[in-house]
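To start, the structure itself, in structure tokens.
Chain A is the first sequence line, chain B the second, and so forth, proteins listed ahead of strands; every chain is numbered from 1. Values below: all heavy atoms of this structure, side chains included; hydrogens, waters and symmetry mates excluded.
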Protein chains: 2
Amino acid sequence: MGTTQLEPVPEPKYWHLRTVLSEALDSEFSVGEILPNERDLAARFGVARATLRQALEQLELEGRLQRRRGVGTTVAPPRVGVAVGTAQHTWPGAADDAWEPTDCELAAPPAAVAGALGTARDEPVHTVRRSRVTHGQPVAAELLYVPPSSVPDLTAIDTPSGTARARAVLRELQRGELERRDSAVELGSVGAEDAKELDRLPGAPVLVVTTRYLARGRTAALSVATYRADTCRLTFGDSGDVEIHHGPQSRAS
Amino acid sequence: MGTTQLEPVPEPKYWHLRTVLSEALDSEFSVGEILPNERDLAARFGVARATLRQALEQLELEGRLQRRRGVGTTVAPPRVGVAVGTAQHTWPGAADDAWEPTDCELAAPPAAVAGALGTARDEPVHTVRRSRVTHGQPVAAELLYVPPSSVPDLTAIDTPSGTARARAVLRELQRGELERRDSAVELGSVGAEDAKELDRLPGAPVLVVTTRYLARGRTAALSVATYRADTCRLTFGDSGDVEIHHGPQSRAS
DNA sequence: TAGTGGTCTAGACCACTTT
DNA sequence: AAGTGGTCTAGACCACTAC
């Protein structure tokens, strides 16, 4: 990364800088390596620190960099492929489940969730909180809404709220013979609570996966899962992994 | 009493501002309405314009706002659900296809694509460019890589490169009886060319959908599609639509 | 031409981690 | 204490759109 000057180009400085840095990452850095600090980098390229940061933000968004306050900026490993597949029997609570239930409570869900579940607006539902860990790193946080009618045989309140009750709800839900599910993915930003769990700052980009589980034609449960967008690649296929794409697309010349 | 840390840190201004604006959008604005300009808004809230812009960026990322240079900031409509489903027979070129082929050329693909296709590094493949339009607005741009071996009966170069050839490649590809496909979704930023096509500025966030089409156990084609992250919600289910989620998640209390 | 959002600067201070 | 990235400021100018 010996380049010291940016030749004048019609494109924005931060975008050109992004490209230059991206190429430097490919050729001169390896995964985990620490970059020079922002003040030095900005000086080296002759731009203000804010401009340099704009370029770094792009690269972080693309999963190329990882920035940690008080530590520094490192070259990120390739994104982890996390299966959100449709065909496998990965119903909530299944044996090969990658999710770890952490909590459960009975509470009225947000209005939008109640609408999708078909429950009354203030009818309480089981709200199971789960977290997903891959390679020792938290990658997703989920809220799973289960109407009591979907788990009719759930033993009463003798099980305390908390992890134990979460497992009980999942166990009963799985007895209900779920038939199908459909999901949607969209971009979001992480809220304060999830941010802590995912070890990110508030506002960090996340992929929000909303999944509706169907049983006997009814919506048996609804899940809203937020995945770290910087480290995750969501795979939907029946089979293996696709690992393509690196940075912004460019037209084949 | 000693120092307590019940309020350890004040929320960042831009984050608080985001929340305030978000609530204002819910209660005081309707879709399409124009917000006051950034300088006025910043003055009204007593912050620098850059801070105000940080809040607006968050809201735009969440699909709540739409900003257009020279025009203003407007309240965005709910995101469009675009089907990227796995079960339907939406192979490239199918009748109900939402894609419009725009161009085609024979060129060596990027190294990563060649690797996934199993072609030699500099072996040229058919590169079909398509665009997807919904409600009159462009939502996605795609590059579809088709090795010549997947379309053996394609008539020679008598068809000119361009739209006509693109259609020819798709037609032949569909004769190959595609069996399966698997996809991956990740966050990316739009490159200069796609930015123009999607009517966004370079660096705007996109959802990159990489799809591998399989036929007779081989990878018959590979598609890299970039969807506007601000306006799109990708639906993967077999059936209907799920419309949940609004803004960052908050723990159910 | 006037008004909008987009880019850029040169600072300052804060929160956090490591030494 | 030193060093890092995160936040914030108060300006300036540019690119684009509409009138």
For [N], does either OP1 or OP2 sit under 4.0 Å from a side-chain N or O belonging to [X]?
{"X": "B:R68", "N": "C:dT4", "answer": "no"}
{"X": "B:T73", "N": "C:dT4", "answer": "no"}
{"X": "A:R67", "N": "D:dG6", "answer": "yes"}
{"X": "A:N37", "N": "D:dG3", "answer": "no"}
{"X": "A:K13", "N": "C:dT9", "answer": "yes"}
{"X": "A:Y14", "N": "C:dC8", "answer": "no"}

Output the single nucleotide from [options] whose closest atom is nearest the side chain of [X].
{"X": "A:R39", "options": "C:dC8, D:dG6, D:dC8", "result": "D:dG6"}
{"X": "B:V47", "options": "D:dT9, D:dT7, D:dA15", "result": "D:dT9"}
{"X": "B:E38", "options": "C:dA12, C:dG6, D:dT9", "result": "C:dG6"}
{"X": "A:R69", "options": "C:dG5, C:dT9, D:dT4", "result": "D:dT4"}

*Can you tell me if B:T163 uses its side chain to pair, donor with acceptor, with the backbone of B:D103 under 3.5 Å?*
no
*Answer yes or no: is there a donor N or O on one side and an acceptor on the other, between the side chain of A:R129 and the main chain of A:A166, under 3.5 Å?*
no
*For the residue pair B:Y227 and B:W99, categorise the inter-ring angle as parallel (less than 30°), tilted (30 to 60°) or perpendicular (more than 60°).*
perpendicular
[X] has an atom [atom1]; how far is it from atom [atom2] of [N], in whole Å?
{"X": "A:H16", "N": "C:dT7", "atom1": "NE2", "atom2": "C1'", "answer": "16 Å"}
{"X": "A:K196", "N": "C:dC16", "atom1": "NZ", "atom2": "C1'", "answer": "14 Å"}
{"X": "A:E11", "N": "D:dA15", "atom1": "CD", "atom2": "C1'", "answer": "15 Å"}
{"X": "B:R53", "N": "D:dT9", "atom1": "CZ", "atom2": "C1'", "answer": "15 Å"}
{"X": "A:D40", "N": "D:dT4", "atom1": "CG", "atom2": "P", "answer": "7 Å"}
{"X": "B:W15", "N": "D:dC8", "atom1": "CH2", "atom2": "C1'", "answer": "18 Å"}
{"X": "B:E57", "N": "D:dC8", "atom1": "CD", "atom2": "P", "answer": "13 Å"}
{"X": "A:L201", "N": "D:dC8", "atom1": "CG", "atom2": "P", "answer": "12 Å"}

*CD/A:E197 to CD/A:E193 distance, rounded to the nearest 0.5 angstrom?*
10.0 Å
*asked:* Nearest heavy atom decides the nucleotide; on that basis, is B:P36 or A:A48 closer to the 5' end of DNA chain C?
replied: B:P36
*First encountered from the 5' end of DNA chain C, between A:T51 and B:G70*: B:G70
*asked:* Tell me whether B:E57 is salt-bridged to B:R64, with the criterion being a basic N under 4.0 Å from an acidic carboxylate O.
replied: no
